[in-house]
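Notes to accompany the following structure.
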Amino acid sequence: PNQVEVGVPSRWNALPYRSASVNSGARVNVNLFADAILKGKAGGYPDDYRMLWLSNTNYLNQIGEINKTVKAFQKLDFILVTEQFMTATAKFADIVLPVCTYMERNDFYATGNGEQYALVNKAIEPLGESKSQLQICEALAYKLGISDYNDKTDEEWVRHIVTKLSEEVDFPDYDTLRKKGIHKIKSDKPAAVSGGKKADPQQKLFPTPSGKIEIYSQIVADMNHPLIPPVPKYIEAWESLNDPLAKKYPLQLITPHFKRRAHSQFDNLPWLRESRPQVVSINTLDATSRNISQGDMVRVFNDRGEMMIPAQVTEGIMPGVVAVPQGAWYNPDASGIDHGGCPNMLTKNVTSPAGAFTSNTALVQVEKAEK
């Protein structure tokens with residue numbers, strides 16, 4: 001059988017990353033997964049993808065240029081989403097399998113630096129037909145004829161992991177940790193680097209090749225890319241107000257974080273929506289020149305998409321700049337116009353040269369909506 005990505009090298013711009021939750025060496029940058037689906041091997045990607053499995057993630061909503069992602073979803077033969085909520089992404093799935101919450105399963109967590117560990121005790125049994133991710137995978141493996149996929153329950157896996165840790169390092173046993181909840185590993189890393197003193201002369205104070213603060217990065221220099229300089233410097237972003245496109249779309253859209261959400265989480269809570277409505281913030285000068293008043297419904301649009309959203313006229317934002325907080329759930333009408341206030345209708349689906357998201361700038365126009 002064809003094994004996707006076997007033998008395919010990592011991306012040329014993949015950088016080492018300390019966090020266990022981020023795989024910067026992945027063959028496809030997560031921000032470009034729609035591009036990979038649409039272009040496949042012909043576009044330089046490892047394979048021609050036909051199925052997508054998304055678990056507890058709202059990629060359709062949180063990655064630039066939603067209309068492009070919609071096209072990618074429509075090209076696939078099958079989409080499976082395992083979720084707790086009917087998110088904007090889940091609505092595009094062929095099948096949605098309900099996942100129980102962390103309160104309905106036993107689990108074990110570690111911080112990115114591996115210094116703190118937490119054992120999560122199940123508070124209640126899973127509601128309805130929801131299951132843990134492990135139980136879902138195990139049930140599907142059985143249907144596929146894989147009889148030796150798993151031999152432990154969630155709780156047995158947690159006990160197994162904790163037991164292994166207690167055998168290798170100074171770590172409490174399972175029953176102790178279950179009562180304690182959280183355990184912090186004693187680290188030999190220096191608590192602070194001020195003064196530059198260290199107990200061991202060979203000990204590195206920073207996770208760099210030299211163990212020092214590096215103003216000049218040899219790793220970056222070896223990439224030999226003009227837009228990834230080894231010494232930090234200002235590089236003009238595309239779709240800034242200096243871009244020729246600003247003649248057509250004269251307002252720079254920024255997408256700040258919002259107090260009432262964690263990315264797209266909690267946007268479906270009615271009382272939070274009521275307390276802090278999703279709006280586009282626009283300077284008084286820009287609003288006046290467009291005959292826009294506080295609370296007016298406006299169109300925010302560019303070549304990539306369009307949304308309808310209330311205006312907040314304010315002196316708290318610069319002229320020439322508008323802001324729509326990131327994370328609001330995409331809610332299109334029959335014409336594809338978003339009424340949920342998701343700024344990724346308008347952002348560009350590209351990455352920085354080093355592979356980072358570029359959702360903080362996009363050029364748009366704002367007009368008062370016709371009644």
4.5 Å side-chain heavy-atom contact, L119 and Y174: yes
Candidate pair E236 and Y234, rule side-chain hydrogen bond (donor to acceptor under 3.5 Å, both in side chains), full reasoning: CA-CA 7 Å; E236 183 75 36; Y234 175 76; 3.1 Å; yes
D303: partners by side chain to side chain donor-acceptor pair (under 3.5 Å), with sequence neighbours left out: K248, Y249
Sidechain-backbone polar pair: Q133 side chain, V99 backbone, donor-acceptor under 3.5 Å: no
Partner residues of D35 under the salt bridge (Lys or Arg N to Asp or Glu O under 4.0 Å) criterion, sequence neighbours left out: K39, K68
Side chain N31, main chain I63, donor-acceptor under 3.5 Å: no
Step-by-step side-chain contact (heavy atoms from CB on, under 4.5 Å) determination, L80 to D94: CA-CA 6 Å; L80 170 67; D94 294 290; over 6 Å; no
Lys/Arg N to Asp/Glu carboxylate O, R178 vs E155, below 4.0 Å: yes
Closest contact, heavy atoms only, A328 versus G340: CB-O, 3.2 Å
Under 3.5 Å: donor-acceptor pair, side chain of R105, backbone of S132: no
Of all pairs that satisfy ring-ring contact (aromatic ring centres under 6.0 Å, His included), the ones with a partner from residues 286-345, not counting sequence neighbours: none
Within residues 251-281 or reaching into it, pairs that qualify as ring-ring contact (aromatic ring centres under 6.0 Å, His included) - sequence neighbours excluded: H257-H263
Test side chain to side chain contact (heavy atoms under 4.5 Å, CB included) applied to E274 - qualifying residues, sequence neighbours left out: none
Stepwise side-chain hydrogen bond (donor to acceptor under 3.5 Å, both in side chains) check, Q252 with S240: CA-CA 6 Å; Q252 186 164 14; S240 71; 5.6 Å; no
Residue pair T208 / I213, side-chain heavy-atom distance below 4.5 Å: no
Distance, nearest 0.5 Å, that separates CD1 of I292 from CD of Q312: 13.0 Å
Within 6.0 angstrom of I124 CD1, more than 12 heavy atoms from elsewhere: yes
Pairs flagged by salt bridge (charged side-chain N to carboxylate O under 4.0 Å, His left out) wherever residues 72-91 is involved - sequence neighbours left out: R50-D77
Any S210 side-chain heavy atom under 4.5 Å of Q218 side chain: no
Test log, rule side-chain hydrogen bond (donor to acceptor under 3.5 Å, both in side chains), inputs R304 and N67: CA-CA 7 Å; R304 292 183 288 271; N67 282 330; over 6 Å; no
Contacts of E125 that satisfy salt bridge (Lys or Arg N to Asp or Glu O under 4.0 Å) - sequence neighbours left out: K122
Side-chain donor/acceptor of N360 to backbone N/O of I254, under 3.5 Å: no
Closest non-hydrogen atom pair between A323 and P256, with its separation: CB-CD, 4.1 Å
Min side-chain heavy-atom separation V300-I309 under 4.5 Å: yes
Which atom of G355 lies closest to which atom of N29, heavy atoms considered: O-ND2, 2.7 Å
Donor-acceptor contact below 3.5 Å, side chain Q294 vs main chain V313: yes
Whether over 12 other heavy atoms sit under 6.0 Å from Y45 OH: yes
N121 backbone acceptor or donor facing N106 side chain under 3.5 Å: no
Minimum heavy-atom distance between R273 and N268, given as atom pair plus value: NE-CA, 4.1 Å
Side chain to side chain contact (heavy atoms under 4.5 Å, CB included) involving T288 - partner list, sequence neighbours excluded: T284
D338 vs N331 side-chain heavy atoms within contact, under 4.5 Å: yes
Distance in Å, T69 OG1 paired with N349 CG, rounded so as to fall on 0.5 Å steps: 6.0 Å
Least distance between heavy atoms, I282 atom then A311 atom: CG2-CB, 4.5 Å
Exercise: do S264 and D267 side chains pair donor with acceptor under 3.5 Å: no
Salt bridge (Lys or Arg N to Asp or Glu O under 4.0 Å) involving K368 - partner list, sequence neighbours excluded: D296
Please tabulate, for the side chains in residues 156-165, all donor-acceptor contacts under 3.5 angstrom to protein atoms that are two or more places apart in sequence or on a different chain.
| from | atom 1 | to | atom 2 | distance (Å) |
| --- | --- | --- | --- | --- |
| E156 | OE1 | T153 | N | 2.8 |
| W157 | NE1 | N150 | OD1 | 2.6 |
| T163 | OG1 | R159 | O | 2.7 |

Reported CE-to-CG distance for the pair M307 and L253, which is rounded to 0.5 angstrom: 7.0 Å
Pair T358-S352, side-chain donor/acceptor within less than 3.5 Å: no
Exercise: do T347 and N344 side chains pair donor with acceptor under 3.5 Å: yes
pair R261-Q326: side-chain heavy atoms closer than 4.5 Å: no
Side-chain donor or acceptor of T255 paired with backbone N/O of S359 under 3.5 Å: yes
From S217 atom OG to D222 atom CG, the distance as rounded to the nearest 0.5 Å: 8.0 Å
Pair E104, Y102: side-chain N/O donor-acceptor within cut-off below 3.5 Å: no
For F108, all residues meeting ring-ring contact (aromatic ring centres under 6.0 Å, His included), sequence neighbours excluded: Y117
Non-hydrogen side-chain atoms of Y59 and L52 separated by less than 4.5 Å: no
For L251, the option from L241, V364, N283 that meets side-chain contact (heavy atoms from CB on, under 4.5 Å): V364
E129 atom CD: more than 12 heavy-atom contacts under 6.0 Å: no
Side-chain donor/acceptor of S130 to backbone N/O of L127, under 3.5 Å: yes
Check: R260 side chain, S275 main-chain N or O, donor-acceptor pair, under 3.5 Å: no
Neighbour count above 12 (heavy atom, 6.0 Å) for Y109 OH: yes
Residue list, salt bridge (Lys or Arg N to Asp or Glu O under 4.0 Å) with K152, at least two apart or on another chain: none
Main-chain N/O of L363 paired with N302 side-chain donor or acceptor, under 3.5 Å: yes
4.5 Å side-chain heavy-atom contact, P229 and I235: yes
Shortest non-hydrogen contact from F33 toward V28: CA-CG1, 4.2 Å
